[in-house]
There are 2 protein chains.
Amino acid sequence: MEGDKIDRPARKPRADAQRNRALLLQAAKTVFAEKGAEASLDEIARAAGVGAGTLYRHFPHRDALIEAVYRNEMEQLAQAAERFSEALPPVEALRAWMLLFVEYMGTKHAMAAALTSLSRGPGELYAASGARLQATIDQLAENAVRSGEVRLEIEPLELLRAIAAVASVGAGPDWEANARRLVDILIAGIRARPE
Amino acid sequence: MEGDKIDRPARKPRADAQRNRALLLQAAKTVFAEKGAEASLDEIARAAGVGAGTLYRHFPHRDALIEAVYRNEMEQLAQAAERFSEALPPVEALRAWMLLFVEYMGTKHAMAAALTSLSRGPGELYAASGARLQATIDQLAENAVRSGEVRLEIEPLELLRAIAAVASVGAGPDWEANARRLVDILIAGIRARPE
DNA sequence: TGTTAAACGGAGGGTGTCTCCGTATATAAG
DNA sequence: CTTATATACGGAGACACCCTCCGTTTAACA
């Protein structure tokens, strides 16, 4: 039920397929940045110079495309988490990372909407990037809890969701200030009181 | 440029118009509950037994419909805020109201997505219900700040946005526990430290 | 009962999603 | 360089949705 891969010799992946995939990612990144994560997929296909069918073959649903586009960013975030964890005390690392997260929401602000879009639907199979993000925040949270400075009865990912919500909407021009302030509120809120 | 209202005698509003409006609201409430705030407007019109044109005449955009549908709920929330403010110390009132807010997100869980949908777009003219909600939370927040127990450098509405985000997604079945916990985190986070 | 302003309905144009299948082509074998 | 074939391509087309437009209907008033 598993080992069905080396059955046949298996060909080398076709060059044009790889090229088209790259073109699609390139185009998607541009278009998402321009028009947000709700941009038309057909338009992306057009921008990439391929047919609609090709797009859907490579990325069956919108989420698959979104995920692929932002995989890099997710990876960078994950790596930043490691750096912070080494250089800072756990709670500070968590805070610093959340602030970085806010910043990312800003630059690739399609990403925020993307996050929302990703986890929509009835518990769909989480895209891999979502899992990566979850693992990252879970690790940071766990470290913080272990340090004893923090109590956390909430799913850590939910903290990110909260931040993303504030950061996503065009709301005021102060969205970033608000988001950064929210980070501090959250951090203060989860700090275990001496009491 | 302004006083143009009592110019002509003005007729009584047509009965069918009022009836259709009611039918539409009824249908919209049902359909939104079933399929979320992104449900097809044509479908709502169909469910109400009226033509699409009629729907759009009464509610020019989706937000207008959403707002009308949830106006009651908003009103109830606003009134609850007053009650809480009289019966509880300011910070407790704020907390209690936020928890009630979470509960509302649950029952009419289309409302959460609605909130998101409401404020989308580039700072559109806030629908009236949005304004009501904002006024409510602003008042509660101001009371809390005045009491000296709380510092608040964030736009109070953003706190709601954060809560709504956690409460909206189908995420886990523990969304409600998470949301309630978030309320406590936020409250703790904005409490001014004696320091 | 007639007049008229108000409201209705639904066809239709524009856009977006996603599928299907005949055609093209990169790879591997001879 | 052929030939064979798995693989991928493209874009037409079926379907859903949004929203407008305008000829027709109907409620209110005289």
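Letters A, B, ... mirror the listed sequences (proteins, then strands); counts begin at 1. All figures in this text were calculated on a predicted structure; none of them were measured in a lab.
Within 6.0 Å of CD on B/Glu75 lie more than 12 heavy atoms contributed by other residues, nucleotides or ligands.
Side-chain contact, A/Gln76 with A/Asn72: no donor N or O sits under 3.5 Å from an acceptor N or O.
Mapped onto DNA chain C by nearest heavy atom, B/Ala17 and A/Ala52 fall at different nucleotides, with B/Ala17 at the one closer to the 5' end. Annotation: of the two residues near DNA chain D, B/Gly53 and B/Ala39, the 5′-most nearest-nucleotide partner is B/Ala39.
Across the protein-nucleic acid pair, B/Tyr56 atom OH and D/dC22 atom P stand 18 Å apart, rounded to whole Å. As rounded to whole Å, 13 Å separates atom P of D/dA8 from atom CZ of A/Phe59. For the pair B/Lys35 NZ and D/dA16 P, the interatomic distance rounds to 11 Å; values are reported in whole Å. If you measure from atom CD1 of A/Ile44 to atom P of D/dG10, you get 16 Å, rounded to the nearest angstrom. Between B/Leu41 atom CG and D/dC19 atom C1' there is a gap of 10 Å when expressed in whole angstrom units. In this structure, A/Asp42 atom CG and D/dA14 atom C1' are separated by 14 Å, rounded to whole Å. Taking atom CD of residue B/Glu43 and atom C1' of nucleotide D/dC17, one finds them 11 Å apart after rounding to whole Å. Atom P of nucleotide D/dC9 and atom CZ of A/Arg21 are separated by 11 Å, given to the nearest angstrom.
Residues B/Leu186 and A/Leu182 have side chains in contact (heavy-atom distance under 4.5 Å, counting atoms from C-beta outward). A/Val183 has its side chain out of reach of A/Trp97: every pair of non-hydrogen atoms, C-beta onward, lies at least 4.5 Å apart. The closest side-chain heavy-atom distance from A/Met105 to A/Ile163 is not below 4.5 Å. Taking the side chain as every heavy atom from C-beta outward, B/Ile44 and B/Leu55 approach each other to under 4.5 Å.
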Tabulate protein N/O versus nucleotide N/O from nucleotides 21-23 of chain C, keeping only pairs under 3.5 Å, one per line.
none

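Although no hydrogens or angles enter the test, the distance criterion places a donor-acceptor pair under 3.5 Å between the side chain of A/Asn178 and the main chain of B/Glu155. Under a 3.5 Å cut-off, the side chain of B/Arg62 and the backbone N or O of B/Glu38 do form a donor-acceptor pair. At distances below 3.5 Å, not a single donor-acceptor pair connects side-chain atoms of A/Arg161 with backbone N or O atoms of B/Ala167.
Note on B/His58: every side-chain N or O is 4.0 Å or more away from OP1 and OP2 of C/dA7. Between A/Asn20 and D/dC9, a side-chain N or O to OP1/OP2 separation shorter than 4.0 Å is present. Between C/dA7 and B/Thr54, no contact under 4.0 Å exists linking OP1 or OP2 to a side-chain N or O. Remark: A/Ser40 is not in phosphate contact with C/dT15, judged by side-chain N or O atoms under 4.0 Å from OP1 or OP2.
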(request) Could you run through nucleotides 24-30 of chain D and give me one letter per nucleotide, 5' to 3': B if any protein heavy atom sits under 4.0 Å from the base, S if only the sugar-phosphate is that close, - if neither? (result) --BBBS-
